[in-house]
*Asks:* 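Got a structure for you, written out below as structure tokens; questions coming shortly.
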Protein chains: 2
Amino acid sequence: MTEPRPTAEPPRPTLERRPLREQIRQYVTEAVVAGRWAPGERIVERRVAVELGVSQAPVREALRELEQLGLVESEPNKGVRVRSFSETDLREIYPVRAGLEETAARLALPRIDDERLAALDRHVAALHAASTAGDAAAQVRHGVAFHREIVAASGNALLGSVWEALGIEVWTTLSIRVYRMDLHENAADHEPIVAAFRRRDPATGALLREHVLGYGGCALLP
Amino acid sequence: MTEPRPTAEPPRPTLERRPLREQIRQYVTEAVVAGRWAPGERIVERRVAVELGVSQAPVREALRELEQLGLVESEPNKGVRVRSFSETDLREIYPVRAGLEETAARLALPRIDDERLAALDRHVAALHAASTAGDAAAQVRHGVAFHREIVAASGNALLGSVWEALGIEVWTTLSIRVYRMDLHENAADHEPIVAAFRRRDPATGALLREHVLGYGGCALLP
DNA sequence: TTTTGCGCAATGATCGATCATTGCGCAGAA
DNA sequence: TTCTGCGCAATGATCGATCATTGCGCAAAA
């Protein structure tokens, strides 16, 4: 929500100046999402600390952030464990996303400009390309970018941070792996939304809501 | 979102077993909301730690939680400071709330039961009483409880946690203090919503959305 | 056999100390 | 005078150690 344009990173020489905590968070996330750490499994702070050659403190902070994300759960004095994701858990996210994005669309509708619309077009094109290439990860990435663009277009920073806090990418990836959820990111579904924005259709919000709800509705295979 | 009924706390002997971090968070929150710590003011971890006779670690954790809440902001290696709340910041919350609660109403509509409806009635009554008594704090509290009840009725735990993460009570209190925002919690505004739920009106969601947006629209006094 | 405590090991919570970065003032160069 | 860079003080980030709680096994009592 901070960068004015989602064009490209400023090409600074990447001096690896991220806080430890962030790297640890990424490490744990990867382990959980990839399924290397099973649901229900204890995550012992010190063990992870030793594994990574750091101390307990940053691991703790990383785990707390992941708890906010819902990827792990913890009880006081009893530690953190990998959440076991029920199908219900994975489904619950879609109505919330849908509501947030409907709000985003409503706010964006009167203020979206050509530049932003062009960005949406680019995301759709990238999605199409990834789909043709059969690159599932890229499809997820560009699909999320499309929706993120709309949220950014709302101009409401709080909405942006709440939406980001949902951790869409993580959950989508997880859904695909755990429940073999269908890959629902296809370019064609997104085009009507851009068109609706272009013509300033008051129903754009509802359209986007249904679009997102569709992700949750038909995508789980038993 | 956890307790099955919002009736009363189980009367255990309160052995003060809350984590330090939580108490610290409450302390800092109170200081910021009451305005004892001015916007933009640095919050030095060690200073707070000394003030409270604890060490730096739990203060740090508490501050991170407050950062999530948006009450303070931080930059890496530069520490935490009290956020300066612009009127825009305070307004941004309402569309987000409105969208979330509209979603909650939609989800709750087919599954809300008499018990829950009765609870809503009780909240409205309590709001009325507080209003009559001129107890502003109680009005805020019961008003929030009303909306929380609806969110809980949605049965979507994620929605509940996202809504809670907005920290409505804190922001409402802050708005009133900083911008002398009107106290908008009056019982009459809430009754039509309960009635809409009772008759299972499909427009309940939209009604609730407009109700919440009304909070943000007319409430700021220059 | 079942129940009730005790005691230990594991580990989360907290602490005090150290490392590393940032901001700033001042001396010297331009 | 204005600009540069050094050095120090403040403080966030991280560490290693200690305190306190939890879970569990085992032995003694019922």
Side-chain angles (χ1 to χ4, degrees), chain A residues 2 10 12-29 31-32 37-84, chain B residues 2 10 12-29 31-32 37-84:
Chain A
T2 312
R12 59 175 171 181
T14 43
L15 289 178
E16 191 58 68
R17 295 176 61 63
R18 289 183 307 152
L20 256 191
R21 149 177 45 97
E22 239 180 81
Q23 304 179 47
I24 297 171
R25 177 159 51 91
Q26 188 173 331
Y27 173 80
V28 176
T29 302
V32 172
W37 296 355
E41 189 172 329
R42 279 289 302 283
I43 303 181
V44 178
E45 296 178 352
R46 286 173 206 205
R47 199 170 325 166
V48 177
V50 171
E51 269 179 49
L52 300 179
V54 298
S55 90
Q56 191 188 351
V59 175
R60 227 179 127 75
E61 294 194 3
L63 288 178
R64 290 228 174 284
E65 291 181 17
L66 292 181
E67 190 183 359
Q68 290 264 346
L69 232 184
L71 214 56
V72 304
E73 57 193 352
S74 77
E75 283 180 279
N77 290 310
K78 294 187 55 178
V80 172
R81 55 182 64 236
V82 180
R83 258 192 70 185
S84 49
Chain B
T2 312
R12 60 175 171 182
T14 44
L15 288 178
E16 193 53 71
R17 296 175 61 63
R18 289 183 309 152
L20 256 190
R21 148 178 44 98
E22 240 180 81
Q23 303 179 49
I24 298 170
R25 177 159 50 91
Q26 187 174 329
Y27 172 81
V28 176
T29 302
V32 172
W37 295 356
E41 189 173 329
R42 279 288 304 281
I43 303 181
V44 179
E45 297 179 351
R46 286 173 206 206
R47 199 172 321 163
V48 177
V50 171
E51 269 179 47
L52 299 179
V54 299
S55 92
Q56 190 187 353
V59 175
R60 224 178 131 74
E61 294 194 5
L63 289 178
R64 291 227 173 284
E65 291 180 18
L66 292 180
E67 190 184 359
Q68 290 266 344
L69 231 183
L71 213 56
V72 304
E73 57 193 351
S74 78
E75 283 181 280
N77 289 312
K78 295 187 55 180
V80 172
R81 55 183 63 235
V82 180
R83 260 193 67 185
S84 50

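We name chains A, B, ... by the order of the sequence lines, and we start the count at 1 in each one.
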*Asks:* When rounded to the nearest 0.5 angstrom, what is the spacing between CD1 in B:I43 and CD in B:E73?
*Replies:*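 B:I43 CD1 to B:E73 CD: 10.0 Å, rounded to 0.5 Å.
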*Asks:* What's the spacing between A:L66 CG and A:Q26 CD if we round to 0.5 Å?
*Replies:*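 The CG atom of A:L66 sits 11.0 Å away from the CD atom of A:Q26.
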*Asks:* Donor-acceptor pair, A:R81 side chain versus A:G40 backbone, under 3.5 Å?
*Replies:* yes
*Asks:* Between B:V48 and B:W37, is any pair of side-chain heavy atoms under 4.5 Å apart?
*Replies:* yes
*Asks:* Base, sugar-phosphate alone, or nothing: which one does A:R64 contact when heavy atoms must sit under 4.0 Å apart?
*Replies:* sugar-phosphate
*Asks:* Kindly state which residues belonging to residues 44-61 of chain A come within less than 4.0 angstrom of DNA chain C, counting heavy atoms of the residue only, listed by number.
*Replies:* A:V44, A:E45, A:R46, A:R47, A:Q56, A:R60
*Asks:* What's the spacing between A:R83 CZ and A:E67 CD if we round to 0.5 Å?
*Replies:*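 These two atoms lie 10.5 Å from each other.
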*Asks:* Starting at atom CZ of A:R42, determine the distance to atom C1' of C:dG12, rounded to an integer number of angstrom.
*Replies:* 8 Å
*Asks:* Round to the nearest Å and state the distance from B:R81 atom CZ to D:dG12 atom C1'.
*Replies:* 13 Å
*Asks:* Which is more 5' along DNA chain D, the nucleotide nearest A:K78 or the one nearest A:R21? Just name the residue.
*Replies:* A:R21
*Asks:* Could you tell me the separation between the CD atom of A:E75 and the P atom of D:dT21, rounded to a whole number of Å?
*Replies:* 16 Å
*Asks:* Could you give the CD-to-C1' distance, from A:E67 to C:dA13, as a whole number of Å?
*Replies:*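 Whole-Å distance recorded here is 14 Å.
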*Asks:* Check the distance between C:dT21's P and A:L20's CG and give it to me in whole angstrom.
*Replies:* 11 Å
*Asks:* Just how far, in rounded Å, is P of D:dA13 from CG of B:N77?
*Replies:* 5 Å
*Asks:* Once you round to the nearest 0.5 Å, how far does CD of A:E61 lie from CZ of A:R25?
*Replies:* 11.0 Å
